[in-house]
Structures are given as structure tokens and as C-alpha cells.
Student: 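Sharing a structure here in C-alpha cells format.
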Amino acid sequence: MSMVPEPGILAAFEAAKGFMPADEGLALYAAAAEAGRLGLPLLEIGTYCGRSTILLADAARTAGVTALTVDHHRGSEEQQPGWDYHDPETVAPELGLMDTLPIFRRTLHRAGLEDHVVALVGRSPRIAALWAAPLALVFIDGGHTDEHATADYEGWAPHVAEGGLLVIHDVFPDPVDEFTGQAPHRIHQRALASGAFTDVSATGSLRVLRRTGAGI
Ligand code: SAH
Ligand code: MG
């Protein structure tokens, strides 16, 4: 099984609107391809317009599993009008609200990956509260406040199967480098301190950990 996406998938990823640099995308793909061997689904928190979802979807397709992606599609705090990461194209004019779901659907369709993805539209903690199935990989890339990052960790990390991977984006251990706060760094530290996860790799702000213990 290839740990690198085919050129067409990489091109679709690079063309998609979103927030993941190529080197981190390759690290995410490799983690997803490896975790997929467990034969369990891969789950992302933070779909946005589907940039990283393309990679999880292609890794899921290759492994014969399903990629799940969670988002309310109304954007994070820093993506709202007037804030640094706002993109006016993500606003539905008739609502005056962000709605990234149609953009995500088009992105995934154009990449030919629709059949490999189930989109879960809603707030992450509400979906996590209903969840029971073990997961091969959980990728946390949702809200960057402590409230959101902590809820994502507490809601989803327990569902990572033994030997599966927890991936966290936007981890900035040095406050000088941070651009959206250090909540992801704090959940990374918490995952390590729990004894349930062991560091596997770091690429840019992307951290990959393996579930090696029980209690979280
Ligand atoms: N993974 C994407 C970027 C995600 S941006 C990429 O590769 O480009 C973060 C996303 O998290 C936003 O779309 C926002 O709507 C979503 N989000 C933030 N808090 C959330 C929450 N509590 N529940 C569900 N989605 C949330
Ligand atoms: Mg991110």
C-alpha cells in the first residue's frame, strides 16, 4: 500500500481551499494509509472545504475503509467576517453566514472521492456524545479555543483503537510561533501525559501519536 498520494490526488489537495501545507498533508496521508490497515474508519474533526479530507478519503479508499468528517460548516472564530482567516467566498449571501458544506461537496466530487466519505454535519461534541465505534485514526483540526480543542480531545480520543493514531494539527509549543492560540499544543501535551498515547512524528505543526495504552 502506497504511503504517498497519486499525483492526481495531490493536485486536487493543492487546488482545494483550506489550511494545510503540502508537507503536513503528506504526513497526514502517510498516517492515514498506515492506520487504515487496522480496517477501521478514519475520522476528521474540521472539514472546512475538504482540503485535508481529500487525503483521508484517498487513504480510506486504498485501505477499503470509510473516512468520516465532522463540521458544523459555519466556520471557526478566526474564520468569521472581519477576522484574519476569513474568506468571503465561504459566506452564503442569502444567509449572511458561512456555509462551507457546498464547497466541500464540490471539492470531494471533483476529486472523485465522494463514495469514500461520510460527512457528519453538526457540532463535534454532540456527535461525539453519540459515538461508539472504534476508529483507526482521529484527526483533530477543528476549533482552536481551549473549549473546542478540549471537547474534541475528550470526545474523540477515547475512540482511537489500540494501535491506531491520533493526529493533531496546529500544535505550536512556542508561543512565538502560534497564530491561532496554543489549545492544540495543550491537548497534545495532555494526550502524552495520559499514558494512552506515544509520539510518532512531528511535521510542521502536525503531530502524530499512537494509542499504546488504555486509560485516557
Ligand atoms: N481541515 C481543514 C481545515 C479545518 S478549519 C483543511 O485542511 O483545510 C476548522 C473547521 O472546524 C471549520 O470549518 C469550523 O467550522 C470547524 N469547527 C470549529 N469548531 C467546531 C465544532 N465545535 N464542531 C464542528 N466543527 C467545528
Ligand atoms: Mg488546522
Side-chain angles (χ1 to χ4, degrees), residues 5 9-10 12-29 31-32 42-59 67-81 83-87 89-92 95 97-108 111 113 117-131 137-156 166-172 177-185 187-188 202-208:
I9 296 297
L10 206 52
F13 163 78
E14 284 181 331
K17 207 188 266 301
F19 299 103
M20 177 155 293
D23 60 334
E24 297 178 354
L26 291 175
L28 176 65
Y29 188 90
L42 317 173
L43 183 138
E44 163 180 75
I45 304 108
T47 317
Y48 192 59
C49 299
R51 186 172 164 98
S52 49
T53 318
I54 288 174
L55 302 175
L56 295 181
D58 191 56
L68 298 141
T69 183
V70 175
D71 203 309
H72 49 51
H73 287 282
R74 297 291 184 221
S76 296
E77 284 79 355
E78 70 276 10
Q79 296 162 351
Q80 301 304 318
W83 294 84
D84 282 1
Y85 293 88
H86 182 62
D87 180 340
E89 287 175 10
T90 61
V91 176
L95 299 177
L97 276 179
M98 278 182 68
D99 185 5
T100 50
L101 184 58
I103 305 174
F104 159 69
R105 303 249 308 146
R106 287 185 182 90
T107 301
L108 210 63
L113 291 166
V117 179
V118 172
L120 300 164
V121 180
R123 296 190 171 276
S124 165
R126 295 197 70 140
I127 301 171
L130 303 172
W131 201 258
L137 176 139
V138 166
F139 173 46
I140 300 183
D141 193 20
H144 285 123
T145 63
D146 274 303
E147 181 199 344
H148 289 132
T150 299
D152 289 342
Y153 175 75
E154 291 179 354
W156 293 107
L166 174 67
V167 184
I168 306 174
H169 197 220
D170 303 306
V171 172
F172 296 101
D177 300 327
E178 61 127 311
F179 65 119
T180 48
Q182 284 190 294
H185 167 62
I187 61 166
H188 176 241
T203 306
S205 73
L206 193 91
R207 296 292 180 279
V208 179

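Remember, it's 1-based here, ligands and their atoms both numbered in the order they're listed.
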Student: What's the verdict on side-chain contact (heavy atoms from CB on, under 4.5 Å) for His169 and Leu28, showing C-alpha distance, side-chain angles and the deciding distance?
Tutor: CA-CA 10 Å; His169 197 220; Leu28 176 65; over 6 Å; no
Student: Pick one of side chain, backbone, both or neither for how His148 approaches ligand 1, counting any non-hydrogen atom pair under 4.0 Å.
Tutor: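 Contact part for His148 vs ligand 1: side chain (C-beta onward).
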Student: Enumerate the salt bridge (charged side-chain N to carboxylate O under 4.0 Å, His left out) contacts for residues 141-150, please, sequence neighbours excluded, ordered by first and then second residue.
Tutor: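 Every pair satisfying salt bridge (charged side-chain N to carboxylate O under 4.0 Å, His left out) with a residue in residues 141-150: Asp146-Arg186.
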Student: Is a side-chain donor or acceptor of Gln80 paired with a backbone partner of Arg74 at a separation under 3.5 angstrom?
Tutor: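 It does hold such a pair.
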Student: Examine the proximity of ligand 1 to Gln79 and report which part, side chain or backbone, both or neither, has a heavy atom under 4.0 Å away.
Tutor: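 Side chain only.
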Student: Compare His144, Met98, Lys17, His72 and give the one whose heavy atom is closest to atom 25 (N) of ligand 1.
Tutor: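 Looking at heavy atoms only, the winner is His72.
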Student: Using 30° and 60° as the class boundaries, would you call the ring planes of Tyr85 and Phe19 parallel, tilted or perpendicular?
Tutor: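 Because their plane-to-plane angle is over 60°, the rings of Tyr85 and Phe19 count as perpendicular.
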Student: As an exercise, identify every atom of ligand 1 less than 4.0 angstrom from a heavy atom of Arg51.
Tutor: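 Counting atoms of ligand 1 from 1, those under 4.0 Å from Arg51 are 7 (O), 8 (O).
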Student: Does Gly122 have a heavy atom less than 4.0 Å from any atom of ligand 1?
Tutor: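 Yes, Gly122 has a heavy atom closer than 4.0 Å to ligand 1.
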Student: Which residue is it: Leu56, Val70, Leu137? I am looking for the one with a side chain to side chain contact (heavy atoms under 4.5 Å, CB included) to Leu43.
Tutor: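 Between Leu43 and the candidates, side chain to side chain contact (heavy atoms under 4.5 Å, CB included) is satisfied uniquely by Val70.
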Student: Which ligand 1 atoms does Arg123 reach within 4.0 Å, using its non-hydrogen atoms?
Tutor: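 Going through ligand 1 atom by atom, the ones under 4.0 Å from Arg123 are 23 (N).
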Student: Can you pull out the closest protein heavy atom to atom 3 (C) of ligand 1? Residue, atom name and distance to 0.1 Å, please.
Tutor: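 Answer, as residue, atom name and distance: Asp141 OD2, 3.5 Å.
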Student: With a cut-off of 4.0 Å, which atoms of ligand 1 are near a heavy atom of Gly142?
Tutor: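 Ligand 1 atoms under the 4.0 Å threshold to Gly142: 9 (C), 11 (O), 18 (C).
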Student: Check each of Gly46, Gly50, Ala128 against atom 2 (C) of ligand 1 and report the one with the nearest heavy atom.
Tutor: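 Comparing heavy atoms across Gly46, Gly50, Ala128, the nearest one to atom 2 (C) of ligand 1 lies in Gly46.
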Student: Among protein heavy atoms, which sits nearest to atom 23 (N) of ligand 1, and what does the distance come to when rounded to 0.1 Å?
Tutor: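 It is Ser124 N, 2.9 Å.
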Student: Is there a donor-acceptor contact under 3.5 Å from the side chain of Glu44 to the main chain of Ala67?
Tutor: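 It does not hold such a pair.
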Student: Among all protein non-hydrogen atoms, which one is nearest to atom 13 (O) of ligand 1, and what is the separation to 0.1 Å?
Tutor: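 Of every protein heavy atom, Asp71 OD2, 2.7 Å lies nearest to atom 13 (O) of ligand 1.
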Student: Side chain of Thr107, backbone of Cys49: donor and acceptor closer than 3.5 Å?
Tutor: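 The answer is yes, because a donor-acceptor pair under 3.5 Å joins these two groups.
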Student: Mind checking the CD1-OH spacing from Ile45 to Tyr153? Nearest 0.5 Å is all I need.
Tutor: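 Going from the CD1 atom of Ile45 to the OH atom of Tyr153 covers 12.5 Å.
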Student: Could you identify the single nearest non-hydrogen protein atom to atom 6 (C) of ligand 1 and state the distance to 0.1 Å?
Tutor: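 That would be Ser52 OG, 3.6 Å.
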Student: So, is Phe139 polar-close to ligand 1, with some N/O to N/O distance under 3.5 Å?
Tutor: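 Between Phe139 and ligand 1, no N or O pair is found under 3.5 Å apart.
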Student: Considering both backbone and side-chain atoms of Pro125, is one of its nitrogen or oxygen atoms within less than 3.5 Å of a nitrogen or oxygen in ligand 1?
Tutor: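 Looking only at distances, the answer is no, because the N/O contact criterion of under 3.5 Å is not met.
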Student: Could you measure the distance from the CD atom of Glu14 to the CD1 atom of Ile54? Nearest 0.5 Å is fine.
Tutor: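 With rounding to 0.5 Å, CD (Glu14) is 10.5 Å from CD1 (Ile54).
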Student: Can you tell me if Asp152 and Ser124 form a side-chain donor-acceptor pair at under 3.5 Å?
Tutor: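 Looking only at side-chain atoms, Ser124 and Asp152 do form a donor-acceptor pair, the distance falling under 3.5 Å.
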Student: Given 3.5 Å as the limit, does a donor-acceptor pair link the side chain of Gln79 with the main chain of Asp87, or not?
Tutor: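 Not confirmed, Gln79 side chain does not pair with Asp87 backbone.
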Student: What distance separates Tyr29 OH from Met20 CE, expressed to the nearest 0.5 Å?
Tutor: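 If I round to the nearest 0.5 Å, the distance is 15.0 Å.
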Student: Give the residue and atom name of whichever protein heavy atom lies nearest to atom 19 (N) of ligand 1, and the separation in Å to one decimal.
Tutor: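 Sorting protein heavy atoms by distance from atom 19 (N) of ligand 1 puts Gly143 N, 3.4 Å first.
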Student: Counting N and O atoms only, with roles assigned by atom type, does the side chain of His73 sit under 3.5 Å from a partner on the main chain of Leu101, one being a donor and the other an acceptor?
Tutor: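 The answer is yes, because a donor-acceptor pair under 3.5 Å joins these two groups.
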Student: Give me the residue, atom name and distance of the protein heavy atom closest to atom 8 (O) of ligand 1.
Tutor: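 Closest protein heavy atom to atom 8 (O) of ligand 1: Phe19 N, 2.9 Å.
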Student: Distances under 2.8 Å only: what protein N/O/S atoms are near the Mg ion (ligand 2), ordered by chain and residue?
Tutor: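 Near the Mg ion (ligand 2), below 2.8 Å, one finds Asp141 OD1, His169 ND1, Asp170 OD2.
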Student: What atoms of ligand 1 come closer than 4.0 angstrom to any heavy atom of Gly18?
Tutor: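 Result: 8 (O).
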Student: Only one of Ile168, Ile140, Leu166 passes side chain to side chain contact (heavy atoms under 4.5 Å, CB included) with His188; say which it is.
Tutor: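 So, applying the side chain to side chain contact (heavy atoms under 4.5 Å, CB included) to His188 and each of Ile168, Ile140, Leu166, only Ile168 qualifies.
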